[in-house]
Asker: 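Okay, here's the structure, questions in a sec.
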Amino acid sequence: MSRKQLDFFHSGSAERAVAPPKPVAEKPKLILIDGMAMLYRAFFALQRAGMTSRDGKPTGAVYGFTSALLKIFETYKPDYLAAAFDSREKTFRHHLYPLYKANRSAPPEDLISQLDAVFELLAAFDIPLIKIPGFEADDLIGTAARIFQPECAVFIVTPDKDLAQLVQDGVSILRPGKNQNELELLGRSEIAEQFGVPPERFTDLLTLTGDTSDNIPGAKGIGPKTAATLLGKYDSLQNIYLHLGDLSPKNRLTLEEFQPQLDLIKQLVTIRTDLQIDLTLKELACGSPDLTLLLPLLNKLELKTVIGRLPVVFPKLMEHASLEASMHDGPDSPLAAAEPELRSPRTGADYGVITTEEGLKALINSLQDAPRIAVDTETTSLNTFEAELAGISISTEARKARFIALANSSLNPQSALELLRPLLENPELPKTGQNLKYDILVLKKYGIDLTPVGFDTMLASYVLDPEEKHNLDDLAARHLGYKTTTFEELTGTGKAKLHIFDVEPEQLSDYACQDADLALQLEEIFRKKLEGEKELLWLCEHIEFPLVSVLAAMEHAGICIDTPHLEKTSEAVGKELELLTEKIYAASGAPFNIDSPKQLSNILFNVLGLPTKKSTKTGFSTNVEVLEELAELHPVVASLLEYRTLQKLKTTYIDALPKIVNPLTGRLHTSFNQFITATGRLSSSNPNLQNIPIRSPLGKEIRRAFIPSSPDKWLLSADYSQIELRIAAEISGDPQLIEAFRNREDIHTATARVIFGSDEITPDMRRKAKEVNFGVLYGIMPFGLSKRLNIPRSEAIAIIDTYKAKYPGLFLALQEIIETGKKDGYVSTLLGRRRYIADLNSRNSNIQKAAERAAMNTPIQGTAADIIKCAMNLCSERLRKNSMRSVMLLQVHDELLFETTDEEKEPLADLIEEAMIDAAIICGLKNVPVEVDTGIGKNWLDAH
DNA sequence: AGGATCACG
DNA sequence: ACGTACGTGATCCTG
């Protein structure tokens with residue numbers, strides 16, 4: 001490792017030729033980084049979040065630091081750049097004042113362990129290090145700033161306020177902001193504004209206040225406020241002492257007592273700018289990163305987002321570097337040997353636009369023998385129901401694509417689509433794309449059935465690592481080393497934003513071609529990766545890809561709601577809420593915003609004087625749990641609880657749902673998100689139809705509002721019974737649990753018999769057993785169980801111990817999952833779906849325990865997700881084969897909802913049940929039977 | 001933009 | 001000494 005470190009020695013002369021001052025704008029930029037301070041900042045900002053590489057080594061500090069470096073390169077494009085670090089030796093300040101920094105404890109182990117990586121990074125970036133025995137970074141920076149200020153615009157990067165004293169014309173501070181990855185520029189006026197004194201007076205301010213972090217005492221009782229006020233009034237410390245008589249007696253006394261230490265402290269807090277060091281600008285010249293060092297290092301640290309940003313920050317440099325190659329090759333393999341790629345996907349690519357029928361026919365002709373095509377649609381909106389087609393791009397060969405312009409061209413959209421139909425609908429021609437569900441839905445509006453889904457790059461990325469980012473721009477940067485044109489770059493933002501129809505056709509074409517091309521290229525890369533992980537390839541091809549069309553059909557179908565019923569309910573609930581509001585105001589003495597937890601907690605805990613139960617980050621919690629405890633102490637709390645429930649249901653469902661019924665279809669169309677969750681579940685949004693109420697009476701009313709699309713039709717619901725516990729039984733092979741399921745026992749009653757050792761099971765015993773069963777799935781702990789069951793902790797411990805003794809296989813299996821997770825870095829479902837859990841090796845025991853619970857739960861929740869996805873595919877396939885008219889509408893994790901007719905309802909129930917059971921077997925439930933409950937009704941509630 | 005809360009599985 | 005069951009998304013409030 002060649003580390004570039006400049007060795008500075010005292011030079012005899014401080015004399016140097018000074019260039020005449022130039023206007024700041026023309027001066028080259030010198031950036032001086034306060035290395036250790038920036039690292040500390042990054043550490044505390046990010047380490048707490050528990051960021052680690054997959055083997056559990058902490059990487060938060062090095063990530064934050066690197067992130068700031070990139071930001072500096074990107075925003076300031078420095079001409080000169082150096083990082084200053086303290087040396088280990090004692091400094092003149094220690095000699096002046098032995099207690100200097102005596103309060104500092106050693107840096108945390110997790111920070112020290114990252115230091116080597118930081119120095120390696122600096123070397124890889126070719127950033128000179130300034131580190132001189134006996135001097136602190138502050139003094140090095142101060143001196144460098146003083147020396148180069150005449151010829152450079154100097155920027156000091158530091159979170160430390162002390163360096164504010166160095167600010168002057170041409171010298172400013174860049175301070176990490178509240179938002180991560182932001183650097184705030186502080187010049188004279190900003191310093192004056194924030195600290196109340198100009199930079200020249202900053203040492204005076206520090207002298208008065210002292211600096212607790214360096215263990216430097218100030219004048220007792222004088223804080224930053226008082227100090228700034230005094231300095232504002234008397235201008236300087238010296239002048240304050242000349243006017244001691246004018247001060248308040250208290251301040252006067254303090255300052256008189258302080259006077260003897262004045263000189264010492266001023267010396268301690270003053271950053272030196274006069275070190276005798278020999279520094280030349282040339283030595284600080286900003287080089288460019290050495291990718292042969294940098295890429296292997298970043299890969300080792302698993303700083304993928306940093307790698308992704310490199311092409312943006314160093315576009316020129318990345319021109320010939322293939323990131324993908326560097327990930328596979330060892331650290332020693334020179335990048336020059338890697339296959340060269342272009343920095344922008346469009347440079348040198350064969351992209352073109354088609355605007356005529358002849359051109360289109362020629363294109364279609366040339367596609368006849370393609371084994372598969374990559375497709376991307378360009379539209380006017382992300383909302384598929386509003387989207388109008390602007391064109392379609394197609395690629396069959398890397399770095400080659402054509403855009404069929406359907407707007408602003410001589411092509412008639414409908415007739416062009418007719419020409420394309422045989423291609424787009426050809427069942428023998430698999431389609432590749434990024435998030436094909438979107439394209440399927442858009443084309444559906446034009447009567448085109450885009451099929452089959454051959455490869456979805458977003459889903460491939462999701463299956464390979466669900467918690468990564470999966471958007472095209474990130475994928476292209478990470479896997480192809482491309483800096484893509486984003487949609488925002490194409491259309492502009494804010495006021496200048498162009499409608500897609502107004503984008504220059506050439507540009508739109510390039511953009512569209514790029515996306516189809518990228519999808520094709522990504523497929524190649526992902527296929528290779530998936531080849532190495534066969535079960536993940538299987539998961540893609542048999543579960544995720546076929547599901548895309550199924551979800552598209554469900555979203556397209558939508559579900560009807562009984563709007564009048566909801567409106568009536570809203571009115572009634574509204575009145576009830578008004579009454580409750582009056583009651584609550586009366587009891588509280590004054591009106592306030594009940595929806596504001598802050599105001600509510602003021603009423604509860606200050607006005608009414610009720611005891612606080614739990615804290616949140618911002619104050620005292622007022623959640624249900626707390627309110628239930630307070631209910632017996634004050635009658636208003638019951639009203640509050642009722643208010644909360646009603647308000648929640650009214651705003652989130654009763655009033656919100658009718659507003660988003662699609663006016664064209666008269667239905668609610670949710671989006672099923674296939675690449676969001678860590679476990680493999682789907683999620684639903686806009687609106688979320690997976691959390692429609694059912695538990696409370698008013699909740700049931702809301703469910704009643706979900707109805708078939710005509711009065712003669714039915715809703716059929718089919719749900720797995722206890723699927724997760726069955727999976728737990730299968731995974732563990734626990735004979736007791738398996739036996740209970742084979743005997744079709746009520747599992748909670750069976751568990752109750754086991755943990756209470758009795759055959760007489762009361763409803764309350766069953767309720768407790770049910771909580772225990774759930775607890776097992778979530779990674780049970782005595783504290784959690786005792787709280788949920790409202791029993792003493794000792795009793796909870798006893799219950800868990802009994803459970804463990806009776807179902808030993810289950811706990812052994814859960815423990816094994818954790819061990820495997822620690823070893824491999826990931827845990828898997830029965831079908832091999834993975835979730836990487838780095839925190840299993842965290843040294844923070846809370847983080848580690850949380851990771852262990854996630855690790856235990858993921859194979860269970862994830863296998864359930866695999867099973868129902870598989871069932872959805874089977875249902876869809878079999879419905880089609882039997883030419884049935886019934887439609888799948890919703891999936892709610894263990895439930896499927898269909899719309900059906902009188903004639904089909906019985907055969908449908910059989911078909912669904914059979915498909916759901918087959919799916920469980922396909923997904924690995926060999927030893928435990930599954931049960932499916934089906935129900936039918938004129939609304940969702942009655943279908944249960 | 002992030003926290004608190006609460007709806008579902 | 002601390003903080004505590006897994007996974008989501010929508011709403012409202014606050015800085």
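Being a predicted model, the structure only gives us computed values, none of them experimental. First the proteins, then the strands, lettered A, B, ... as listed; each starts at 1.
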Asker: Please convert DNA chain C into dot-bracket. A pair counts if it is Watson-Crick or G-U wobble with both distances under 3.5 Å; crossing pairs go in [ ] and bases paired with another strand get |.
Answerer: .....|||||||||.

Asker: Give a yes or no answer on whether the side chain of Lys869(A) reaches the backbone of Gly680(A) with a donor-acceptor pair at less than 3.5 Å.
Answerer: yes

Asker: Under 4.0 Å between a side-chain N/O of Thr677(A) and OP1 or OP2 of dT8(C), yes or no?
Answerer: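 The answer is no; no side-chain N or O of Thr677(A) sits under 4.0 Å from OP1 or OP2.
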
Asker: Below 3.5 Å between N/O atoms, which protein atoms pair up with nucleotides 12-14 of chain C? Just atom names and distances, please.
Answerer:
unit_1, atom_1, unit_2, atom_2, d
dC13(C), OP1, Asn593(A), ND2, 2.8
dC13(C), O3', Ser596(A), OG, 3.2
dT14(C), OP1, Ser596(A), OG, 2.6

Asker: Just to verify, what does Glu816(A) make a side-chain hydrogen bond (donor to acceptor under 3.5 Å, both in side chains) with, not counting sequence neighbours?
Answerer: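 Applying side-chain hydrogen bond (donor to acceptor under 3.5 Å, both in side chains) to Glu816(A) gives none.
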
Asker: How about Phe706(A) and Ile561(A): do any of their side-chain heavy atoms sit closer than 4.5 Å?
Answerer: yes

Asker: For DNA chain B, which residues in residues 610-623 of chain A have a heavy atom at a distance below 4.0 Å?
Answerer: Thr616(A), Lys617(A), Thr618(A), Ser621(A), Thr622(A), Asn623(A)

Asker: Between dA10(C) and Asn686(A), is there an OP1 or OP2 to side-chain N/O distance shorter than 4.0 Å?
Answerer: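 Yes, because at least one side-chain N or O of Asn686(A) sits under 4.0 Å from OP1 or OP2 of dA10(C).
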
Asker: How about Leu715(A) and Leu889(A): do any of their side-chain heavy atoms sit closer than 4.5 Å?
Answerer: yes

Asker: How would you label the contact of Arg835(A) with the nucleic acid (heavy atoms, under 4.0 Å): base, sugar-phosphate, or nothing?
Answerer: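 Touches sugar-phosphate only.
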
Asker: Please list residues of residues 796-817 of chain A whose heavy atoms come under 4.0 Å from any atom in DNA chain C, ordered by number; otherwise none.
Answerer: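 Heavy-atom contacts with DNA chain C come from no residue of residues 796-817 of chain A; none.
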
Asker: So if I take every side-chain heavy atom of Ile676(A) and compare against dG9(B), dT4(C), dG9(C), which nucleotide ends up nearest?
Answerer: dG9(C)

Asker: What pairs with Phe620(A) under ring pair (Phe, Tyr, Trp, His ring centres under 6.0 Å), at least two apart in sequence or on another chain?
Answerer: Phe605(A)

Asker: Taking the minimum atom-to-atom distance to the side chain of Thr652(A), which one of dC8(B), dG9(C), dT11(C) wins?
Answerer: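 Minimum distance to the Thr652(A) side chain belongs to dT11(C).
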
Asker: Any chance NZ of Lys613(A) has more than 12 other-residue heavy atoms, nucleotides or ligands included, within less than 6.0 Å?
Answerer: yes

Asker: Ile694(A) near the nucleic acid: base, sugar-phosphate alone, or nothing, with a heavy-atom cut-off under 4.0 Å?
Answerer: sugar-phosphate

Asker: Quick check on dG9(B): is either OP1 or OP2 less than 4.0 Å from any side-chain nitrogen or oxygen of Arg681(A)?
Answerer: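 For dG9(B), neither OP1 nor OP2 has a side-chain N or O of Arg681(A) closer than 4.0 Å.
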
Asker: If every non-hydrogen atom of Ser684(A) is compared with every non-hydrogen atom of Leu689(A), which pair is closest and at what distance?
Answerer: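 Looks like OG-N, 2.8 Å.
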
